[in-house]
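First up is the structure itself, then whatever we jot down about it.
Since the structure is predicted, the reported quantities are computational estimates derived from the model, not experimental observations. All values below were derived from every heavy atom in this structure, side-chain atoms included, with hydrogens, water molecules and symmetry-related copies excluded.
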Amino acid sequence: MGLMSDRLSPIDLSNTMGRLFPHHLGHYLGLDTHDTMLVDRNTELEPGMVLTIEPGVYLPQDYHLQGSSAATALAGCGIRLEDNVAVNEDGREVLSHSCPQTTSELTRLIGTRHH
């Protein structure tokens, strides 16, 4: 998409990734959304656990990459896709599988709510 240079040193790449992706890939879910802060991220998953998978990218308002119209146009924007996943005896169940995920599905949903 032209949001990052392909000529970054490992340190600059790490710094840029930290700036564009400022949170973890997911977290555990409990009775309340964030009540599992004390569960170590290295805990082995087991049946009954529920977690989020939520990749996202956020471009700060002041984010610019020389020669990239995409980076300039998207400065100040962000997107995160989240799935909630339950670990079970057979592997996993994606609890959010029926939620809209494509642009057309979201557009249809938003359009129907405004009528």
Rounded distance [0.5 Å steps], [atom1] in [X] versus [atom2] in [Y]:
| X | Y | atom1 | atom2 | result |
| --- | --- | --- | --- | --- |
| Thr52 | Leu95 | OG1 | CG | 11.5 Å |
| Arg108 | Thr102 | CZ | OG1 | 6.5 Å |
| Thr16 | Leu8 | OG1 | CG | 5.0 Å |
| His27 | Ile53 | NE2 | CD1 | 10.0 Å |
| Tyr63 | Leu20 | OH | CG | 4.5 Å |
| Leu45 | Asn88 | CG | CG | 11.5 Å |

*asked:* If you define the side chain from C-beta out and look only at heavy atoms, does anything of Glu105 sit under 4.5 Å from Leu109?
replied: no

*Side-chain contact test, heavy atoms from C-beta onward, threshold under 4.5 Å: evaluate it for Met49 versus Thr43 and give yes or no.*
yes

*Is there a path of hydrophobic side-chain contacts, each under 4.5 Å between heavy atoms of I, L, V, M, F, W or Y residues, that connects Met4 with Ile79?*
yes

*Linked, directly or transitively: Val94 and Leu106 (ILVMFWY side chains, under 4.5 Å)*: no

*When you check the side-chain N and O atoms of Ser96 and Asn84, is any donor under 3.5 Å from an acceptor?*
no

*Specify the closest pair of heavy atoms between Ala71 and Ser68, including all atoms of both residues, with the distance to one decimal.*
N-OG, 3.0 Å

*Please report the closest heavy-atom contact between Pro22 and Tyr58, naming both atoms and the distance.*
CD-CD1, 3.4 Å

_Applying side-chain hydrogen bond (donor to acceptor under 3.5 Å, both in side chains), can you list everything that pairs with Arg80, at least two apart in sequence or on another chain?_
Glu54

